Q: 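What follows is a structure written as structure tokens; I'll ask about it next.
Order of the sequence lines fixes the chain letters, A, B, ..., with proteins taken first and strands second; residue numbering starts at 1 for each chain. Here the structure is a predicted model, which means the values were calculated and not measured.
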Protein chains: 2
Amino acid sequence: MKHLPHKTIERLSQYRRALLICLNNGQMHIYSHEIAKIQHITAVQVRRDLMLIGYTGTLRKGYNVKELIELIGQIIDSLDGINVAIIGMGNLGRALINYFAGKRSHLKIVASFDINPDKIGNKMSGIPCFSIDEMEKVIREKNIKVGIMTVPEDFASQTADKLVHAGIKGILNYTPKPVYVPNEVYLEEYDMITSLEKVAFYVKMQETE
Amino acid sequence: MKHLPHKTIERLSQYRRALLICLNNGQMHIYSHEIAKIQHITAVQVRRDLMLIGYTGTLRKGYNVKELIELIGQIIDSLDGINVAIIGMGNLGRALINYFAGKRSHLKIVASFDINPDKIGNKMSGIPCFSIDEMEKVIREKNIKVGIMTVPEDFASQTADKLVHAGIKGILNYTPKPVYVPNEVYLEEYDMITSLEKVAFYVKMQETE
DNA sequence: TTCACAATGTGAAAATAATAACAAAAAAAA
DNA sequence: TTTTTTTTGTTATTATTTTCACATTGTGAA
């Protein structure tokens with residue numbers, strides 16, 4: 001496989017989650033248009049994505065749920081899992097830990113960090129919380145590859161710097177403040193305010209139409 | 001203005017936030033490449049976006065920060081603000097309320113909803129919390145146009161249904177479960193797990209390269 | 001068996017988004 | 001004054017992503 005579009009990667013992750021639910025419900029096969037409906041996209045798009053990863057369904061029966069889950073895993077997961085840390089145990093950090101708690105996955109949250117002494121040393125949903133000062137040490141020791149930044153925005157830059165310095169490979173920044181990282185670190189930024197303003201914009205549009 | 005690309009809308013929101021910070025620092029003008037640097041995009045893209053909204057900078061001086069903030073507001077904001085509700089006062093709901101607390105904006109969070117009796121009747125950062133049962137009533141009374149869903153995923157569908165029934169115009173779904181709404185309701189879904197898996201994928205890619 | 005149907009798979013076209021290239025002009029430097 | 005530099009604005013080009021259109025084929029019904 002030469003190169004998968006960014007959007008396809010995102011959708012594969014979503015397909016898999018939908019498929020896991022289907023599998024849980026005992027569904028063995030699924031049609032492209034069923035997947036499409038769940039994700040609010042078109043069936044062609046689903047088929048094309050699957051074409052790109054080289055998966056072939058059965059005519060008239062659709063796709064084998066189990067096989068497809070398996071294959072998507074082969075494509076997007078790392079062979080031996082990736083360790084993740086959450087930096088900032090505020091509300092957002094805790095929300096994320098809860099999201100993941102229990103869900104076994106190739107992505108393992110293995111540490112969290114905060115500056116609040118009350119939190120340091122405790123566990124949240126089984127994840128130990130360390131001091132930010134120990135970040136570099138812990139990241140190296142636990143072989144943490146990805147950091148999720150949920151710190152207050154004033155600490156965004158310095159947190160990113162520390163992560164980079166500790167040798168992190170990818171950062172997911174939930175801070176509203178954009179950060180700078182060297183090219184070899186993959187950075188994904190997501191800003192809730194932007195999403196909300198976007199919704200508001202289209203609501204406005206629909207009204208003034 | 002006939003039609004702005006989706007991506008441009010998102011970026012405009014981001015430009016504005018960057019510009020507000022600049023304004024706060026006393027900066028009166030800004031170059032396209034400065035904006036670009038903040039947002040990790042190219043200067044051409046910034047100029048093109050601004051071209052699309054019909055804003056013209058000053059050669060050699062760049063863009064007038066104040067004017068541009070003003071104009072972006074005219075484009076993306078509703079004339080008299082939009083009222084927003086957060087449904088689900090878990091960690092994520094609280095995180096969002098804190099994000100917005102203090103920031104005066106045309107988007108006003110005016111209510112939150114939960115099923116936990118301990119939360120109902122209290123205020124969080126000044127926002128009153130109501131029972132889910134009162135949702136329809138409160139949404140109509142307070143003229144709430146946009147709902148942010150931060151409920152546990154098992155409640156996603158029913159919450160969306162209630163919102164639609166209450167006449168909501170836009171939904172931002174932070175639940176990992178996709179929901180269905182009629183066409184006239186604008187729906188934006190965001191899934192943190194997908195984002196994380198995407199980061200993990202590109203980290204993996206960079207390693208196996 | 002033959003026909004109609006309901007799926008998949010995919011080349012081609014269209015739509016959307018990003019980048020390159022460069023003219024124009026104001027300011028600064030020579 | 002003339003030249004150089006810097007920055008905007010915009011057209012043209014390229015890249016990416018989505019959709020269309022349709023060939024193909026297994027299945028069930030007639």
Q: Any side-chain N or O of B/R47 less than 4.0 Å from the OP1 or OP2 oxygen of C/dA21?
A: no
Q: Rounded off to whole Å, could you give me the CD-to-P distance for the A/Q45 and C/dT16 pair?
A: 13 Å
Q: What is the separation between atom CE on B/M51 and atom C1' on D/dG9, rounded to the nearest whole Å?
A: 7 Å
Q: If the cut-off is 4.0 Å, is A/Y31 near the phosphate of C/dG9, judged by side-chain N/O to OP1 or OP2?
A: no
Q: Which one, D/dA21, C/dT19, D/dT6, comes nearest to the side chain of B/T42?
A: C/dT19
Q: Less than 4.0 angstrom between a side-chain N/O of B/T56 and OP1 or OP2 of D/dG9, yes or no?
A: yes
Q: Once you apply a heavy-atom cut-off of 4.0 Å, does A/T8 come out as touching a base, just sugar-phosphate, or nothing?
A: nothing
Q: How about NZ on B/K108, more than 12 heavy atoms from neighbouring residues, nucleotides or ligands closer than 6.0 Å, or not?
A: yes
Q: In whole Å, what is the span from the NZ atom of A/K7 to the P atom of D/dA15?
A: 19 Å
Q: We want to know whether A/Y190 and A/S195 form a side-chain donor-acceptor pair, criterion being a heavy-atom distance below 3.5 angstrom.
A: yes
Q: Under 3.5 Å, is there a donor on one side chain and an acceptor on the other for B/N64 and B/T58?
A: no
Q: Is B/S32 near enough to D/dT7 that one of its side-chain N or O atoms lies under 4.0 angstrom from OP1 or OP2?
A: no
Q: Cut-off 3.5 Å, side chains only: do A/K177 and A/S157 have a donor facing an acceptor?
A: yes
Q: Nearest to the side chain of A/L59, heavy atoms from C-beta on, is which of C/dA26, C/dT8, C/dT19?
A: C/dT8
Q: Rounded to the nearest Å, what distance is computed from the CZ atom of residue B/R48 to the P atom of nucleotide D/dA12?
A: 11 Å
